[in-house]
Amino acid sequence: MGDEHQTQATSGSSESALAKTYDPRQSESRWYAFWESEGFFKASSEASDTRETYTLAIPPPNITGSLHMGHACRTTFEDVLTRYQRMNDKNALWIPGTDHAGIATQVVVERQLKKENLTRHDLGREAFVKRVWAWREESGGRILQQLRKMGASCDWSRERFTLEPALCRAVNEAFVRLHREGLIYRGTRLVNWDVSSQTVLSDLEVETEENVQGELFDFAYPVTDGSGEVVVSTTRPETMLGDTAVAVHPDDERYQHLHGKTVSHPFVERTIPVIADAELVDPEFGTGVVKVTPAHDPNDFATGKRHNLEEISIFNLNGTVNEQGGTFAGLDRFEARKRVKEALEERGLARGSKKHTMTLPRSQRSGTIVEPMISTQWFVKMEPLAKPAIAAVEEGRIQILPEDWTKTYFHWLRNIQDWCISRQLWWGHSIPAWHCGACAHITVSIEEPSVCASCQSTDLRQDEDVLDTWFSSALWPFSTLGWPDDTPDLKRFYPTQDMETGYDILFFWVARMIMMGLHFMGEVPFSRVLLAGLVTDERGEKMSKVKGNVIDPLDVIGGASLESLVQKAERAGAKPGGIKYLKKTYPDGFLPYGADALRMTLLSYSPQARRIALSIKRIEGYRNFANKLWNASRYALMNLHDTQLNARPPSAPKQLPNRWVLSRLGAAVDAARSGIDGYRLDDASSALYHFVWDEFCDWYLELSKPLLASDRPDVVEETRQTLVHTLDAILRALHPMMPFITEEIWQRIPRGRIPQGPQDATDKRTIMLAPYPTGDADGRTDPEAEQSLHTLRDVVVAVRTIRAEHDIPRAKSLQVHWHADNPAASQTLGEERSLVESLIGGTLIAEDAPEKLRDAAEHFTNAAVFFAAGIRGAVPDVIDPDKERDRLERELKKSVKELTAIEKKLANANFLERAPAEVVEQTRQNQARLQSTKDQLERALKRLS
RNA sequence: GGGCGGGUAGCUCAGUGGUAGAGCGCCGGCCUUACAAGCCGGAUGUCGUCGGUUCGACCCCGGCCCCGCCCACCA
């Protein structure tokens, strides 16, 4: 590999002509392999390396996952930051790794087992976990390979996995310490139970489905003393099997007579009290009477605590009714609901129902409706941890971008609930707690204890639960660096600088990392949180397998036929509508756009956006940009001949285009830098895109043609130097964003003496380690050149417009008469005459008599006139009067419109008094300019008719 | 019920208290020795709506109407 690229690098321009079209497939994997094998991604751990560090920990993708657009987006962003910092001579470390993703992974493997007609229980815990590990070996690294395709410059030598032994040790350490500090405790609570995965969930893992059409069912409880009945309303009739009270509002006139009475349960042997509770009951709602099921409803649970009610759990862990349900035992929850309603009808207790819109809690992973259940679990006490995390952001030690999210962050942390961290799963971190069979004491310890800490019994059994996968994620910024050991890496790279992730895991992950980082390290885990939006399809709809609108980044990079897209979507379970959409939207599939094009596209979206509506057309646009860059480079390399890159920038260039492009280069590079520094990668990439295309290609390269054809060797050499330097700087500036193509071209630039600088030693090997350009070092501010070029450009465009409007063939040479209204413009056009002539395909004739041009129609036959940047001009002989009239009228309309607005403004006395002087002055100048243009246009029109 | 974000060119989206921008699309003309994945020229918007602040508002403030998201225990 090394040899191959060496050959390329030194082969010069002439003998290895570049293909006309850039093919990303030819270079991407090649360069990645080169970078990786040369160790360019590795952060230095040498003691002698005193460079400032830059650290960023990857949001570890789940091992279940394959790369999706969200990953691609984040990877690109993080890679740009890392590559940029590395080029700025930082000791840059981007830590890669994967997450074991407890419940998500377990669900996937269980699904596989199901195909073999097995459940995890058939295998038993040990064999099941073994199986998950085997699966992880097979697929766990896939996404990391995919990250490589994106160009991610992670330090693979420091790759981590949340369930590897070192990180398990960190988890145990964290658990034991928090437990010792009283921040982890065991509690019996009403928890969120997922009946299909049969585990408890944290509040965050429960998603609410809104606007579900349900019914509000009324039924009657007979009052025990026979004095009547009480009608209650409920959305969950089956839970009446667990009712232990009926509640009314204490002030409700209608139900005063019930206070102190009991009602009889129709299906189980139980009389239940009527209680008065102002907190639970809203007299306006339903019948104003609430059935109370403390074991299966959060409000009722709280009510039960207030009134000391019995908590009767009526469900088994799998969601079927248990023995408390009497004759309903064994039925599934929803079947039970039906049967309870029927039974109530039969007993004549049903009192009708009405439609009711409600919200349903569902498990984030399984989608099952969550059942509130009373259960004993491990919890983390959050409030003491939340306080410092709030302070860290308040005090600016951590900055959250976009800033709007700080509010959300504060709101969540200020209302934080304790975190249930135990899960009844098999795949995950074991809990370092041992239950004593003799005295029921729980011994919490890092190492397996031999005896119970309380009674010394040896009858110990480790807690069977595992930890919420987010518990280990919360430690990620320091566990990956070796914590709890005080390793050199930890010392050197903690705290990290940036954390970039999706806003959807602000609470799940970011907030918890901050809390844990502050708690265990005493320092914030990162100083900045960058929250990215959600990638959607071009309609703004969430990508989903069912909708068939998932765009696989690898398909975009490598290309994919429509057939393969359809096949993939079908395999993933897309519905017919989704397939139809797919066929309609991407009739030709995807061309191989390349990773660089995809990266540029993803970068071009504003980080403020919550939605990133990815459009293939846009990717195509950036693929075209890559090709443009490629061809501009071809042009440059073809024209260098023996010139090598040997100084940057060329000293004291004399030719206007050279002066101008260096000035613009400086501005572009500064814009790119400030964009990246301000985390506005959209601004940074856009500044470079426009500089490269609109200025470098459209103007500089065109202007360089006559210069390179000059018979003056000094002009030619100066231009070649400027050309190669500008190209080199462009490549370096773009490299963090488009790593592959920039390396491919950079390697082909012939290099002479390498300039002195800190990165000299590495300069020749790879663009990755070349310095990021700066406006000062690589550009050359030259306002005068910019002004002159502006004039030049305006005249060229004016003449080109005339050519286009009048259908004048390119081959026809034009005589352009001109007169300048100011000395600067006059000088520019005088000096740069031959450049302008070569761009307009004609001859410039300077007129000493301005009136000739003012009255062009009299002096010339069929002349077209123009007014541009202080220059008046006329092109005689070639003009169709009708077309010219159309053109002039259009121009006139425009000036009149603008002029009217300006005049109105200047007529306003308040404006003249109050507006800043320079604004007024500028407005006046505009007025004068427009007025003169308008006059002249009018005159020209008059002569025409 | 609270909170947040958004409504700008046909589409997807930037944007700034002082003459409205990009990409794609559209119209017209070009195979111009870097590039047809291109070049040249052109058209396109009462910047959601109603008020207010201001000399001046797409931008700041308030109301309203849509759209999206997050949080919250209303049976």
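Here is the naming used below: chain letters follow the sequence lines, and residue numbers restart at 1 for every chain. Just so it is clear, the structure is predicted and the values come from calculations on it, not from any experiment.
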Indicate, with a heavy-atom threshold strictly under 4.0 Å, whether [X] touches base, sugar-phosphate, or nothing.
X: A/Ala609; answer: sugar-phosphate
X: A/Tyr622; answer: nothing
X: A/Pro372; answer: nothing
X: A/Glu898; answer: base
X: A/Gly288; answer: base
X: A/Leu280; answer: base
X: A/Asn627; answer: base
X: A/Glu279; answer: nothing
X: A/Arg887; answer: nothing

Please determine whether a side-chain nitrogen or oxygen atom of [X] lies at a distance below 4.0 Å from atom OP1 or OP2 of [N].
X: A/Asn639; N: B/rA34; value: no
X: A/Arg611; N: B/rC67; value: no
X: A/His356; N: B/rA75; value: yes
X: A/Lys705; N: B/rU33; value: no

Pick the [atom1] atom in [N] and in [M], then give their distance to the nearest Å.
N: B/rA22; M: B/rA43; atom1: P; result: 12 Å
N: B/rC50; M: B/rU8; atom1: P; result: 15 Å
N: B/rU16; M: B/rG6; atom1: P; result: 12 Å
N: B/rG62; M: B/rU44; atom1: P; result: 36 Å
N: B/rG7; M: B/rU54; atom1: C1'; result: 25 Å
N: B/rG18; M: B/rC58; atom1: P; result: 11 Å

Item to check | CD on A/Glu205 to CG on A/Asn192, rounded to 0.5 Å | outcome: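 Answer for the CG-CD pair, A/Asn192 versus A/Glu205, is 9.0 Å.
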Checklist entry - For the atom pair OG1 (A/Thr536) and CG (A/Asn549), what is the distance rounded to the nearest 0.5 Å? => result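 Rounded to the nearest 0.5 Å, the OG1-CG separation comes to 8.5 Å.
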Closest to the [X] side chain, choosing from [options]:
X: A/Asn926; options: B/rC30, B/rU19, B/rA34; answer: B/rU19
X: A/Ala632; options: B/rG18, B/rA37, B/rA34; answer: B/rA34
X: A/Asp282; options: B/rC74, B/rG15, B/rU19; answer: B/rC74
X: A/Phe507; options: B/rC70, B/rG15, B/rG29; answer: B/rC70
X: A/Met638; options: B/rG18, B/rA37, B/rA34; answer: B/rA34
X: A/Arg634; options: B/rA34, B/rU19, B/rG18; answer: B/rA34
X: A/Arg929; options: B/rA75, B/rG18, B/rU19; answer: B/rU19

Next on the checklist: Distance check needed: B/rG23 C1' versus A/Leu603 CG, whole Å only.
Outcome noted: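 So the two atoms are 15 Å apart, to the nearest Å.
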Next on the checklist: Could you tell me how far apart A/Phe696 (CZ) and B/rA34 (C1') are, to the nearest whole angstrom?
Outcome noted: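 It works out to 10 Å between those atoms.
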Checklist entry - Checking only heavy atoms, does the side chain of A/Gln417 share a donor-acceptor pair with the base of B/rA72 at less than 3.5 Å? => result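 Side chain to base: no pair below 3.5 Å.
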Checklist entry - Stems in RNA chain B: runs of 3 or more consecutive Watson-Crick or G-U pairs, distances under 3.5 Å? => result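 B:1-7 with B:65-71, B:10-13 with B:21-24, B:26-30 with B:38-42, B:48-52 with B:60-64 - these are the stems of 3 or more pairs that involve RNA chain B.
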Checklist entry - Can you list the residues that meet the side chain to side chain contact (heavy atoms under 4.5 Å, CB included) rule with A/Ala687, with sequence neighbours excluded? => result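 Partners of A/Ala687 under the side chain to side chain contact (heavy atoms under 4.5 Å, CB included) test: A/Ala671.
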Item to check | For A/Ala804, all residues meeting side chain to side chain contact (heavy atoms under 4.5 Å, CB included), sequence neighbours excluded | outcome: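 Counting only residues at least two positions away or on another chain, A/Ala804 forms no side chain to side chain contact (heavy atoms under 4.5 Å, CB included).
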Next on the checklist: Enumerate the salt bridge (charged side-chain N to carboxylate O under 4.0 Å, His left out) contacts for residues 697-708 of chain A, please, sequence neighbours excluded, ordered by first and then second residue.
Outcome noted: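 Pairs touching residues 697-708 of chain A that pass the test: A/Glu702-A/Lys705.
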Expected rows: protein N/O vs nucleotides 4-7 of chain B N/O, under 3.5 Å:
| unit_1 | atom_1 | unit_2 | atom_2 | d |
| --- | --- | --- | --- | --- |
| B/rC4 | OP1 | A/Lys407 | NZ | 3.1 |
| B/rC4 | O2' | A/Arg610 | NH2 | 2.6 |

Please check if the side chain of [X] supplies one atom and the backbone of [Y] the other of a donor-acceptor pair under 3.5 Å.
X: A/Arg414; Y: A/Ala386; value: no
X: A/Arg25; Y: A/Ile557; value: no
X: A/Thr293; Y: A/His296; value: no

Next on the checklist: If you assign each of A/Pro283 and A/Lys20 to its closest nucleotide in RNA chain B, which residue comes earlier from the 5' end?
Outcome noted: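 Of the two residues, A/Lys20 wins.
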Checklist entry - Pick the nucleotide of RNA chain B nearest each of A/Leu701 and A/Leu216; which residue has the one closer to the 5' end? => result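 The answer here is A/Leu701.
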Item to check | Residues A/Glu805 and A/Arg887 bridged, charged N to O under 4.0 Å | outcome: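 No, this pair does not count.
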Next on the checklist: Any salt bridge linking A/Glu371 with A/Arg236? Criterion: basic side-chain nitrogen under 4.0 Å from a carboxylate oxygen.
Outcome noted: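 So A/Glu371 pairs with A/Arg236 through a salt bridge.
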Below 3.5 Å is the cut-off: list the nitrogen or oxygen pairs between protein and nucleotides 57-62 of chain B, distance only.
none

Close N or O pairs between protein and nucleotides 39-42 of chain B (under 3.5 Å):
| unit_1 | atom_1 | unit_2 | atom_2 | d |
| --- | --- | --- | --- | --- |
| B/rC39 | OP1 | A/Lys628 | NZ | 2.8 |
| B/rC39 | OP1 | A/Trp693 | NE1 | 2.7 |
| B/rC40 | O3' | A/Arg800 | NE | 3.1 |
| B/rG41 | O3' | A/Thr801 | OG1 | 3.4 |

Checklist entry - How close do A/Met382 and A/Gln417 get, heavy atom to heavy atom, and via which atoms? => result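 Answer, listing the atom of A/Met382 first, then A/Gln417: CG-O, 3.3 Å.
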Next on the checklist: Aromatic contact between A/Tyr689 and A/Tyr622, with the criterion being ring centroids under 6.0 Å apart: yes or no?
Outcome noted: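 Yes, ring centres under 6.0 Å apart.
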Item to check | salt bridge (charged side-chain N to carboxylate O under 4.0 Å, His left out) against A/Arg800, all qualifying residues, sequence neighbours excluded | outcome: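 Partners of A/Arg800 under the salt bridge (charged side-chain N to carboxylate O under 4.0 Å, His left out) test: none.
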Checklist entry - Can you list the residues that meet the salt bridge (charged side-chain N to carboxylate O under 4.0 Å, His left out) rule with A/Asp682, with sequence neighbours excluded? => result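 Once residues adjacent in sequence are excluded, the partners of A/Asp682 under the salt bridge (charged side-chain N to carboxylate O under 4.0 Å, His left out) criterion are A/Arg680.
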Item to check | Selection residues 924-933 of chain A - residue pairs positive for side-chain hydrogen bond (donor to acceptor under 3.5 Å, both in side chains), sequence neighbours left out | outcome: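 Qualifying pairs: A/Glu921-A/Gln925, A/Asn926-A/Arg929, A/Gln931-A/Asp935, A/Ser932-A/Gln936.
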Mind listing the side-chain donor-acceptor pairs of residues 214-221 of chain A below 3.5 Å, one per line with the distance, residues two or more places apart or on another chain?
| unit_1 | atom_1 | unit_2 | atom_2 | d |
| --- | --- | --- | --- | --- |
| A/Glu215 | OE1 | A/Ser353 | OG | 3.1 |
| A/Glu215 | OE2 | A/Lys341 | NZ | 2.4 |
| A/Asp218 | OD1 | A/Ser233 | OG | 2.7 |
| A/Tyr221 | OH | A/Asp243 | OD2 | 2.7 |

Table please: side-chain donor-acceptor pairs of residues 403-413 of chain A below 3.5 Å, with sequence neighbours left out.
| unit_1 | atom_1 | unit_2 | atom_2 | d |
| --- | --- | --- | --- | --- |
| A/Thr406 | OG1 | A/Glu403 | O | 2.2 |
| A/Tyr409 | OH | A/Ala389 | O | 2.8 |

